[in-house]
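Reading through the structure tokens given below for one structure.
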Amino acid sequence: MTAKRRTLLQIPQGTEGFYLEEAFRHRRIVALLDGLYESWGYLPVHTPIFDFFDNYKPLLGDRALESVYRLIDRDGDLLMLRSDITLFLARQMGLALRAEHLPVRVYYSDIILRHQDREDISRNEFFQSGVELIGRQGEAADLEILLLLERTLALVDLRAVIHLGSHALFAACSAGLSEADRQALGAAIGGRDAERVAGLLQSRDGVSADYLTRLFLFIGDGAELRTLYLEGKRSGFLPEAALRELQHLHSLLEELSALATRPAFRVDLSEIGGQPYYTGIVFQAYLENQDSAIASGGRYDRLLEFFGFPAPSVGFSLLLRKVEPAIRDQGRFDRPTIERVEEESFAKAFLRAEELRKKGKIAVL
Amino acid sequence: MTTHDQPVPLTIALPKGRLLPKILEFFESRGIALTFEDRRLVAYDENGRFKAFLVKNNDLPTYVNHGIAGLGVCGSDVLYESGFRFFKLLTFPFGRTRICLAGRKGLGAETYPRHLAVATKLTRFTQDHFHSRGVPVQVIKLEGSVELAPVLGLAPFIVDLVETGETLRANSLEVIEKLGDVTVHLVANPSYYKLNYQSINRIAELLKESGE
């Protein structure tokens, strides 16, 4: 095979092209979601496709660092392609917003570019659709974002389960650990490695280590969380900040149970946030037959401050291309029937086609 | 939740080869009987809790990563080489072995050159291990019969799994240093676990119980 032929046939990892009916369907879905976000008062934003790497380097975790594409511009500056819209958006908003603008609600639907291993072709992390509520703290803001995610998934009939956890809980319980131990503990909790979690906590206090291991591996409903909270409070194993966060999660779950259209939420305290910028609640949505989470989000109250504009934020992003094949009732987004107009002259055909188009039909000359 | 109330069997990938009889025996001792008929690569346990696939050992993490099988039984060496991150639910009491640096008899650890050349199947582990010790290493990837490399002069050292050391001795090689332990685990695709955690936890508890 010639080198040219080989290059033509190769598909680079971490990006995709899609065409015709598939692209039509994609745009329909995006339009539907954009319409939902707009009906909640969110405005669109577009972020640059690349930016200076050094702006983001301290905010990238190990995995993100491995997957970002970097390039050098003509001046020798190191750039990175947009691998996560939240980060690029934070910088843009940090530059554009002033205190009097807050709160600001924004949404985006755009391409992201990440390296993926050859074995990871099913991840399809090519396109993020999401929202951010900037300038609001507290339960109402967290609920707004969680419910908007639930409504987003419901709109396209994705019966996902949203696992709600907290980075703040982890931060409160890991205070006092060295940075290396804190990172190791975070990795062990995220990986639900009970032996490792217990081992890392054992060095602090054998008695509370058992409780904290159960706490961080907890998945369940509000009643079970309440039991765990009471045990933590009675025993004195948890600092005040951790107790407050558990109460916050419990309160969120109660509200969500009443307001969500179906039982889509669970508390999962092993969800502590995959990105270093999270500060409060964190969550991921899981769907049957998907190899990894389809949506994620949380609260990041200090991210915009990093870019010079202190404003609390909470948001989510949905990996839209990943879930498009799973979106039910696919006919909803298919191209409508096309009417082919044939008349004795082009002018007649054109006028007839225009009439049909005014009636909302697709007419082809 | 509808997701874990459905009576759908959990999917599990099992490795073909030397571990399989031990896995099947262990599962059976906990009341999970899986019988693979001749040349069939899929089997259900009689209680309908498991749908099991037989796959090549090194391919197992790929199947679990893609969620084709939600669970898998796999050695820590293969998991490490895959680079995938799974939930480790259980460590089995069988299949333990060592990862060792070996070379021709008489070559001790003190004879390490500054630049180590090693033939191995375990390329990621070897590189990470020596780099973490500040030792530059040239890794030559082999798919099998690694112990031939020093004999034929491909590389002075090998990194390989060592159980009894019999194969090394037969080729006039010896263990220079143990680099790590290999254990066998029940692992889960994280997304699959989150959706099925109650059924999976029940199975994990059952497997943790002492056998008959």
Can you tell me if B:Phe50 has over 12 outside heavy atoms packed within less than 6.0 Å of its CZ? yes
Rounded to the nearest 0.5 angstrom, the OG1-CG distance for B:Thr91 and A:Asp193 is 8.0 Å
Counting heavy atoms not belonging to A:Glu231, are there more than 12 under 6.0 Å from its CD? yes
Chain A contact via B:Phe87 - side chain, backbone, both or neither, heavy atoms under 4.5 Å: both
Is any side-chain heavy atom of B:Tyr197 closer than 4.5 Å to a side-chain heavy atom of A:Arg266? yes
Please tell me if the side chains of A:Glu271 and B:Lys194 come closer than 4.5 Å, counting only heavy atoms from C-beta onward. yes
From OG (A:Ser292) to NE2 (B:His66), nearest 0.5 Å: 10.0 Å
Salt bridge or not for A:Glu195 and B:Lys88, using N-O below 4.0 Å? no
Give a yes or no on this: more than 12 heavy atoms of other residues, nucleotides or ligands lie within 6.0 Å of atom CG of B:Asn47. yes
Using side-chain heavy atoms (C-beta onward) and a distance below 4.5 Å, is A:Ile219 in contact with B:Tyr193? yes
So, for B:Leu195 and A:Val161, which heavy atoms are closest and what is the spacing to 0.1 Å? CD2-CG2, 3.9 Å
Heavy-atom pair with the smallest gap, counting every atom of A:Leu287 and B:Ser191: O-OG, 4.4 Å
Please determine whether the number of non-hydrogen atoms from other residues, nucleotides or ligands lying under 6.0 Å from atom CZ of A:Phe18 exceeds 12. yes
Could you check whether atom CD of B:Glu37 has more than 12 heavy atoms from other residues, nucleotides or ligands sitting under 6.0 Å from it? no
Heavy-atom count check: over 12 atoms from other residues, nucleotides or ligands less than 6.0 Å from B:Lys56 NZ? no
Donor-acceptor pair, side chain of B:Asn189 and main chain of A:Asp291, under 3.5 angstrom: yes
